[in-house]
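I have placed the structure first, in the form of C-alpha cells, so that the comments after it can refer back to it.
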Amino acid sequence: MTPENLESRMPRIGAFVLETLTTGMYTNPLDTLREYVQNSFDAIREAERSGLLSNGAGRIEISVDEGSRNLTLRDNGTGILANNVNSRLVNIGMSSKSILADAGFRGIGRLAGIAYCRRLVFRTQSNGDFDISSVAFDCDELRQAMSPRMKQVKELADVINSYASVTTEKTRKKDHFLEVTMEGINEVGQSFLEWKKINTYLCQVAPVGLDMQSFHHAGTIHQWLRVHNIAVPVVSIIITSGSTNYQVFKPYRKLTYTTIREKHKIHVKGIRFFPENAGPDSPFWGWYAETNCPGTFGDDTVAGFRLRKANIGIGMADRMTEIFAEASESYARFNNYFMGEIHIQDSNIIPNARRDGFEDSHEWTAIWKSLVDFARERSREAHQLSQARNLDIERLVGPAEREIAAANKKRKTGLASKDEKSRVLEKIDSQIDKLDAAKKAERNESEQNEIDRVRKELQKTRQSIEHETTFVVQKLSASLDKKQRKIISEIIGILYDMLDEDSFEKARDAILAKYQVPDKENDR
Amino acid sequence: MRNILLVEPDYRSKFPPLGLLKIAAYHKERRDSVTFVRGRDEAIRSLHWHRIYIASLFTWELPRTVQTIKYYASSVDSTDQVIVGGVGATLLPDYIRNNASCVVIEGPLDKRGLLGPDSRPIAEMIPDYSILDTIQYDYKPRDAYFVRITKGCIRSCKFCAVPKLEKKFGRLTKVDEQIGSVKRKYGERQNLIVLDNNILGIDGIENEIAEIRRMGFERGAKRNGRKRYVDFNQGLDARLISENPELARHLSTICLSPVRLAFDFTTAKMEKAYRHSIELLAGQGFGEFTNYMLFNFDDSPRDLYHRLLVNTELNEKLGIRITGFPMRFIPMTDVKRDYVSDKWRWRYLRGIQCVLLATHGLVSPNPDFIRAAFGATYEEFLEILAMPDRYIIYRKEYKNNGASEWRKKYRRLTEPSQEEFLELLAELNKDRNRRETIDGLRKFRSLLEHYYPNGETLRAEIGQEKEGNQRIT
C-alpha cells in the first residue's frame, strides 16, 4: 500500500530524522505510554463530544504479558476510519488533531514504541466501519534503517513504506476502538513489562481522577471546581497483568506523609486554591495541601507542584522546581515541601515536543511570571514555618509578650497615625504567624498550652489596636486650630520616623503633656 | 470505581474459593477493578487497595490466615477495609479479632447491606470464574459447574460444622438457573459438582435430579466425546436411601460418579442403613463408591477397623469398589491439628497417617491391599499402627531390617506396658528436648531406639496431611 500523496508533496527527509523524533526525544521509555494514553484520551474526548460515549465512560486498558513480552493498550475512543488509516497511522507528522481541543497533536508520538519492541501494531475500528484496520511496523528493520550510522541516507517515506504493512479484516461487530500492541519488548523497554512501574509513572502523568475513596480532600477539590465552574477531563485507566487488575488514580491519598528519611511527619490539614477567583477562562488554577511544611515529601510521586495541561502531567515536578529556583536559587528545594497541582488552561499555551515543558509564548511568559511570584510566597512561607518551628518556647513567648506590652503602651499613649497603627498590627500578626507555625511542630502539652495562651493574648491586643480609631492629633486641645494641629501631627510623625522608640515616646509625651486634653479613659 | 483485592491464604485448598468468586462478581458489577491472589505477594502488597477481602477455611489454618491479614493491613487506608469471612471466621471469629485488626463477617453473605449500604445478598450471585484464569494455583476440577441447591442440613451431628455455619435447612436458587447463568457468562462446563451438605434431605429431590438430568447430565452423558459426571461432593445420606429405595433408582438416571456415602457412626442401625444403601445402589448398577469414615471422634480404633472390614466384605460380595476416606476428627474450635480423642492414641493416629501416605489418604477397594496395609486381624492392625513411621511406610525395606526385631520386643510388653509405652511416644512427640529426655530414661530404651535412633528424629517423609483427609462438612 503506497500512500500516493506522500512522494509528490513531501520534502525529502532523511530517515535518521525519525530517530531524533522518536527514540532521541524522550528521556524515559515510559514516556511512550504517555503518548499512547494521550492519543487515546483525545479519541475518547472526541467520542464524548460526538455523543458516542457518555461522559466518564472512556476507558483505557493496558495489559502486560511478561511471558510473551507484549504490552497492549486499548481505548474505546472514536477509532480511525478505515479510509483515514493511512494518513493517520502511516504518514508522519501530519496529525489531524486540533491544537485547541486535544491534548496530544504531534502525530509522531505514536511511533515512539519503535525503539522498544520487535513489532508495533495498531488495530482500529471506527464506529461506522465494519472493517478492522491494522498497521504493523517492523521495528527491528526500522531501527536499523533509521540509525544515523547508516552510510546511505534513505528517504523517510520510503523507509516507512518498506517496513509498515496495512491490512484490513471484515467484522460483523459494531465497535470503536484503537489498540496499540508492542510485541516482543526488548531489554531497553523492560519497564513496559513491570506493571508497578507503569502505575507509578501513569499515576503522576496520565489524566486520571483523584482517588475519591481514599483522598480525604478530594471532595473539597471537586466542590471548589464545581463552584468555580472548572472542568477537569479524566479517563479510566486499568492495568492488567497476570492476576492483577488495577485502576490508576492520582497518587494523592493520605493525610499524613513523612519527610525524606522519615524524620518528620507531614500533616495535610486542608487544601488551598489559587488564584482564589479562578474560573473556566483563567489562564491557570491550582490546589495545594496546607501542611506543617517540615521538609521534602518522602513519597516522590506526590512531592512538588506538578504542572498539568488538559490534566496531563508536564515534566513531573521539575518545571516547578525550576520556577522556585527562579524566585531565588536557594528556594529550589522548597517545591518538594509542597504537594499540589497547577492546571494550565490557556489554550494558547502548548506543551513542547517532549512534553516536559511549554513552548515559549507571551501567554506562557505571563503565567510563568505569576508562578515565580507564587513560588516566592510559598518559599517564604515554608522558610518562616521552618524557622518558627525550630524556635524554643522561650524565644517564642518572650518576643510575643514584649510585643503585647509595647502595643498596650502604644494604645495608652496614643497611636501617632494610621501608618503607625498598621505597623503595630503587622508586628502582632507576624508574632501570631510564628506561634501558629510553632504549634505545627511536635511539642508537649504544656508548651502547646503556653503557645495557645500567648496567642490568645496577642489576638486580644490586636483587636483593641484595631478598634483604635482616634489618633494622637485628634486628642489635642480644642483651643488649637486646624493648622496648628496639623503641624503638631506632622512633627510627631517626623519624630516617629527619625527617633528611636524610647526617644520618640519621650518627645511625644512631652508634646502631648503640653497640648493634649486630659484623657478620662487613661485615668481609669 | 475502586481497587479491590481478594486473598485466599495459601493453605491447601481443592475447590476455588466460591465466596471470593461471588464477591468478585459483585464488585465487577459495580465497575471496580478486582484482583485475586493466593497467599502473600510482595508486589500486590506494595500497592494501595480500597478494600481487601480475605477468605478463611479450616480453623487449624487460622494462624496462617491471621498472618495473611496482618501482612496486607498496610495496603488499605484503614483496617476496617480488611474484611475476613468464610468457614474459619464463622467458627472462631474471636480468634481472628483478638489476633488481627480487621472486620470479621460471620456466617453466609446472604443478606442485603453486608458489604456496603446498598449491597446485594452476595450468596445469590453467580461466582466469577474468570478471576481463576489468571492465577497459577490449580484448583480441581477446572472444568465444572459448582452449584448448591440447598443450605444447611436436616441433621445436627455433633462433629459437623454445618449446623453452626448454616443453622436452617433450606433451598437456594434453582439448579437450572445456576447452571444457565454460568453457561451464559463463562461458557459451558464439562462436569457438575454439587456442594450441598445433604441434598437428599429436600422435599421433591426426584425433581431436582430430573432437572440435573435435563441439563445434560443423564446417565452415560457425553460432551465433545468425553464422559460427563455429576459429583455430590459432600456425600449422600445413606440412611435416606435406605429408607426410600426409590432414591437409588432416581440417582441411577444421572451420570453420578463416584457415589459418595458417609459411614461416620458405628451403631448397628447405621451399619444396617449403610449396607442396605450400598446394596440398593449396586443393584442400580453403580460400581464406584467413596466412603467417608470419621475417626478420632467418639469411635475406637476397633470401630475403624470394623468399618474397613465391612467395606472389604461389601466389595467382595457385590463386586463393587468402595474407596475408603478416613477422616480424622479435629474439634471445630482447634487452631492446631493435634487432637487425640479418649479412645485413640497419638501413635495410632500417626500410624493411620503413615499407612495412608502412599495412597494420598485413600483406602484402596482391593481386599488384598486392605489386609496387607491394615492387617488381617484387629491385633495386627494395632501392631502396624504402633510401628515406627518408616517401618510402616517402607514396609518391605524394613521387614527384615529392624521391623521384626521391633516386633519381638514390642510383643514382649504386657498390655499395661504397651499402654505406657504409647503414652510415652505421645509425650516424646511434643517434647522439645527429646534427646535429653530419652537419655534420662531407663525403661523402653531399646524399643525407643527404633523410633529415635541415637535420640534423633528420622526424617520420615510425612508432610502436611493430604487433601483427601480434609472435609468441610
Side-chain angles (χ1 to χ4, degrees), chain A residues 53-67 76 191 193-204 208-218 234-258 262 268 299 301-302, chain B residues 1-8 10 16-17 20-21 23-53 72 74-83 115-117 128-139:
Chain A
L53 275 182
S54 59
N55 272 357
R59 234 176 119 90
I60 299 175
E61 290 174 5
I62 299 174
S63 24
V64 177
D65 185 345
E66 275 182 85
N76 60 353
S191 42
L193 299 173
E194 297 171 27
W195 56 268
K196 270 176 68 187
K197 283 193 181 161
I198 294 176
N199 178 59
T200 306
Y201 176 82
L202 288 180
C203 76
Q204 300 177 72
V208 290
L210 289 166
D211 188 338
M212 295 296 285
Q213 166 119 358
S214 297
F215 187 34
H216 186 71
H217 294 294
V234 293
V235 65
S236 303
I237 300 184
I238 287 111
I239 304 174
T240 307
S241 170
S243 69
T244 314
N245 230 319
Y246 198 76
Q247 180 164 359
V248 183
F249 293 97
K250 282 187 179 158
Y252 312 108
R253 273 200 183 96
K254 298 194 247 172
L255 289 179
T256 312
Y257 288 88
T258 52
E262 309 194 340
V268 176
D299 177 348
T301 62
V302 301
Chain B
M1 283 171 280
R2 297 178 291 178
N3 286 315
I4 305 293
L5 178 64
L6 309 174
V7 185
E8 182 178 53
D10 53 359
L20 291 182
L21 264 52
I23 292 171
Y26 163 73
H27 276 289
K28 284 194 180 173
E29 196 177 83
R30 297 175 48 112
R31 301 191 54 203
D32 294 326
S33 295
V34 180
T35 295
F36 173 55
V37 67
R38 260 184 65 84
R40 289 165 270 179
D41 182 312
E42 185 46 45
I44 297 283
R45 173 163 82 155
S46 69
L47 285 174
H48 170 271
W49 299 94
H50 292 115
R51 187 180 278 183
I52 301 180
Y53 293 94
Y72 285 109
S74 61
S75 309
V76 285
D77 296 324
S78 98
T79 49
D80 60 9
Q81 292 301 330
V82 178
I83 297 176
L115 299 187
D128 182 336
Y129 291 85
S130 68
I131 66 168
L132 300 178
D133 299 341
T134 52
I135 67 153
Q136 298 289 316
Y137 192 80
D138 220 4
Y139 292 104

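The sequence lines fix the lettering, A, B, ..., with proteins before strands; numbering per chain opens at 1.
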- Query: Relative to chain A, which segment of B/Ser78 carries a heavy atom at a distance below 4.5 Å: side chain, backbone, both, or neither?
  - Reply: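 Looking at B/Ser78, nothing touches chain A.
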- Check: B/His48 ring centre within less than 6.0 Å of A/Phe249 ring centre: no
- Pair B/Arg40 + B/Glu42: basic N to acidic O under 4.0 Å: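 Looking at B/Glu42 together with B/Arg40, the answer is no, because their closest N to O distance does not fall below 4.0 Å.
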- Would you call A/Arg253-B/Asp77 a salt bridge at under 4.0 Å N-O?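 A salt bridge is absent here (no side-chain N lies under 4.0 Å from a carboxylate O).
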- Query: Looking at B/Gln136, B/Gln81, B/Met1, B/His50, which makes the most heavy-atom pairs under 4.5 Å with chain A?
  - Reply: B/His50
- Of all of B/Val34, B/Ile44, B/Ile131, B/Leu47, which one pairs up most often with chain A through heavy atoms under 4.5 Å apart? B/Leu47
- Message: Please tell me whether A/His217 and A/Tyr252 have a donor and an acceptor in their side chains that are separated by less than 3.5 angstrom.
- Response: no
- Query: Between A/Thr200 and chain B, which part of the residue has a heavy atom less than 4.5 Å away: side chain, backbone, both or neither?
  - Reply: neither
- Where B/Leu20 and B/Glu8 come nearest, the two heavy atoms and their spacing: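 Closest approach of B/Leu20 to B/Glu8: CD1-N, 4.0 Å.
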- In terms of heavy-atom pairs under 4.5 Å, which option from A/Asn245, A/Ile238, A/Asn199 contacts chain B the most? A/Asn245
- Query: Among A/Ser241, A/Ser236, A/Ser243, who wins on heavy-atom pairs under 4.5 Å with chain B?
  - Reply: A/Ser243
